[in-house]
Amino acid sequence: MNVDANVSSRINLMRIVLISGIVFVHIPVDTASSPFNGTYGAFDWIRVFLTEALFRVGVPCLSAISGYLLFRNGRENFSYGKTVRSKAQTVFLPFLLWNCAFVAAITLATSVGVGDGYLPDALHASSRDLLTQVLALEDFPANVPLYFLRDLFVCILLSPLLAWLISRAPILTLTALLVVALIPELSIYIVLKRSILFSFSLGIFVALQQYDLKALDRFAPLGVFLLLAASALLATVIFFTGPSLPDWVQLFRNALAIVGALGFWLLSAPLIKTRLGQRLAKTGSLSFWIFCAHYPLLVFLWILWGKSGVDFYPLFFVASLALLFPFLVFSNGLCRANFPRLYAVLTGGRTKRSAKPASHQDVSPELVSQQR
């Protein structure tokens, strides 16, 4: 089964949109500036909407895309040895390099007294804690968002077993993994984020069943509305029950993070037909650069903010985004142009330009007429 131009472009578009959304989730906050204090009114609710509801969909959606792409050509054309060798370079090596670089930066900073109270103490950490900071053995790594690459690589290692189970007993397998993903406060140790294992497996299922990924495009307006409405409802519930969320609220959030992936995919249908959507679909390896680099930069900005003596948190929230994205775009282009070999290693070989997004002529007349 080949991925057509429209689907390929939408996958590229979803990567940059979802990863940009994940940045919102990792904007630092402390107890004094918590949205649950209600200090900033509607702004606090918007923060909860973006960081605790809407963009929590990012990781499960990216996981489903990864599982789908791995088996889009069927089990018979899947080479485990070749895949593991390839993904060790494109997933695991960047995880190690970016995370080890951040651990080294933390060690250097704390040794000279910079970042005390903001950064984990790598200098005095036990061997077990240090291994976790570097390899994410038992908890999140130092560069927190990179847990996704760690869990993704584990899923890739398990992919033949997952594909076999899904081909033999798809409903039973996916139901069991969904239950595991939804139960609050459950640890299975294999992966740090249980939704990744389910969503990756769901992507495998969609690929093996050769479902038409554009079949539901006509429901895009309804799907996007339901995603936003459910996210708003969840944000309101979390806003009034947080920060210690009851189990039923955590269950709601876990469910929306998984189901909401469909809403984002449906959003890509009308968005890819816009000029902005097509430009975003051509950003290529920028999305991976943003994913790996954003957290250390946000921590650095948070440390500077703490030294500024300014207490108006909305200013930090907005200013950090205003500074972060232009810097990431600039640094991505600079490294790519001047240090291509280093760039290739840091991005796992993601140096090729994305395929040209599908034009209106590539989209069936039926889909064009359904544009909102």
Side-chain angles (χ1 to χ4, degrees), residues 1-4 6-15 18-19 56-92 95 147-183 186 188-217 254-266 268 288 291 348 350:
M1 178 178 58
N2 295 320
V3 179
D4 67 23
N6 177 268
V7 170
S8 179
S9 295
R10 287 168 64 179
I11 288 173
N12 292 330
L13 172 61
M14 283 295 91
R15 284 183 176 135
L18 291 169
I19 287 173
R56 292 282 175 173
V57 176
V59 165
C61 191
L62 291 171
S63 305
I65 289 172
S66 297
Y68 169 79
L69 292 177
L70 203 62
F71 283 90
R72 66 187 182 277
N73 294 319
R75 285 181 64 202
E76 63 278 3
N77 295 314
F78 176 76
S79 171
Y80 184 64
K82 181 179 179 181
T83 298
V84 171
R85 288 192 297 271
S86 172
K87 298 305 179 182
Q89 177 185 354
T90 61
V91 176
F92 190 67
F95 161 74
Y147 77 85
F148 171 68
L149 298 183
R150 179 265 196 206
D151 281 1
L152 179 59
F153 190 67
V154 170
C155 288
I156 290 167
L157 294 177
L158 295 174
S159 59
L161 174 61
L162 294 172
W164 182 83
L165 289 171
I166 289 169
S167 63
R168 294 295 188 276
I171 303 302
L172 178 61
T173 301
L174 291 175
T175 300
L177 293 176
L178 178 60
V179 171
V180 168
L182 292 179
I183 296 176
L186 176 67
I188 60 173
Y189 302 106
I190 299 174
V191 291
L192 300 175
K193 210 66 160 186
R194 291 162 287 135
S195 61
I196 292 177
L197 185 59
F198 169 76
S199 299
F200 183 86
S201 301
L202 181 62
I204 294 176
F205 173 73
V206 172
L208 294 181
Q209 294 297 319
Q210 298 189 10
Y211 287 132
D212 180 6
L213 296 184
K214 298 181 288 186
L216 299 177
D217 284 359
N254 293 344
L256 181 60
I258 293 171
V259 177
L262 176 60
F264 265 101
W265 178 251
L266 292 176
S268 71
F288 191 81
F291 180 76
R350 297 170 177 82

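The structure presented is a predicted model; accordingly, all values stated were derived computationally and were not measured.
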**OP:** Check step by step if side chain to side chain contact (heavy atoms under 4.5 Å, CB included) holds for Phe198 and Ser195.
**Re:** CA-CA 5 Å; Phe198 169 76; Ser195 61; 5.8 Å; no
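- In this structure, Ile156 and Pro160 approach most closely via the heavy-atom pair O-CD, 4.0 Å.
- Nearest heavy-atom pair, Trp265 versus Val7, reported as atom, atom and distance to 0.1 Å: CH2-O, 4.0 Å.
- Rounding to the nearest 0.5 Å gives a distance of 8.5 Å between OG1 of Thr173 and CH2 of Trp164.
- Looking at residues two or more places apart in sequence or on another chain, you find no salt bridge (charged side-chain N to carboxylate O under 4.0 Å, His left out) involving Arg150.
- Rounding to the nearest 0.5 angstrom, the gap separating the CG atom in Leu178 from the CG atom in Asn254 is 10.0 Å.
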**OP:** I would like to know whether Leu149 and Phe288 meet side chain to side chain contact (heavy atoms under 4.5 Å, CB included); could you show each step before the answer?
**Re:** CA-CA 11 Å; Leu149 298 183; Phe288 191 81; 4.0 Å; yes
Original post:
Which is it for Val154 and Ile196 under the side chain to side chain contact (heavy atoms under 4.5 Å, CB included) test, yes or no, and what are the steps along the way?
Top reply: CA-CA 10 Å; Val154 170; Ile196 292 177; over 6 Å; no
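- Minimum heavy-atom separation, Tyr80 to Leu157: OH-O, 2.8 Å.
- Using a 4.5 Å heavy-atom cutoff, the side chains of Leu256 and Arg56 are not in contact.
- Judged by distance alone, with hydrogens and angles left aside, the side-chain atoms of Asp151 form a donor-acceptor pair with the main-chain N or O of Lys193 at under 3.5 Å.
- Nearest heavy atoms, Asn6 versus Lys214: OD1-CD, 3.2 Å.
- Contact detail for Phe205 and Pro170: the closest heavy-atom pair is CE1-CB, 3.6 Å.
- In terms of modelled atom types and a separation under 3.5 Å, the side chain of Thr90 and the main chain of Ser86 share a donor-acceptor contact.
- When each of Ile258, Val180, Leu177 is paired with Arg194, the side-chain contact (heavy atoms from CB on, under 4.5 Å) condition holds for Val180 and for no other.
- Taking CG of Leu192 as the start and CG of Leu197 as the end, the distance is 12.0 Å to the nearest 0.5 Å.
- To the nearest 0.5 Å, the span separating OG on Ser9 from CE on Met14 amounts to 11.5 Å.
- Atom-to-atom distance recorded for Lys87:NZ and Leu152:CG is 7.5 Å, nearest 0.5 angstrom.
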**OP:** Take Tyr68 and Leu213 through the side chain to side chain contact (heavy atoms under 4.5 Å, CB included) test and state the conclusion after the steps.
**Re:** CA-CA 10 Å; Tyr68 169 79; Leu213 296 184; 3.4 Å; yes
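- With values rounded to the nearest 0.5 angstrom, Leu172 atom CG is found 11.5 Å from Ile166 atom CD1.
- Here the shortest heavy-atom pairing between Ser66 and Phe200 reads C-CE1, 4.0 Å.
- Residues Leu202 and Leu174 meet the side-chain proximity criterion, which asks for heavy atoms closer than 4.5 Å.
- Inter-residue side-chain proximity for Asp217 and Arg10 is flagged as met; some heavy-atom pair is nearer than 4.5 Å.
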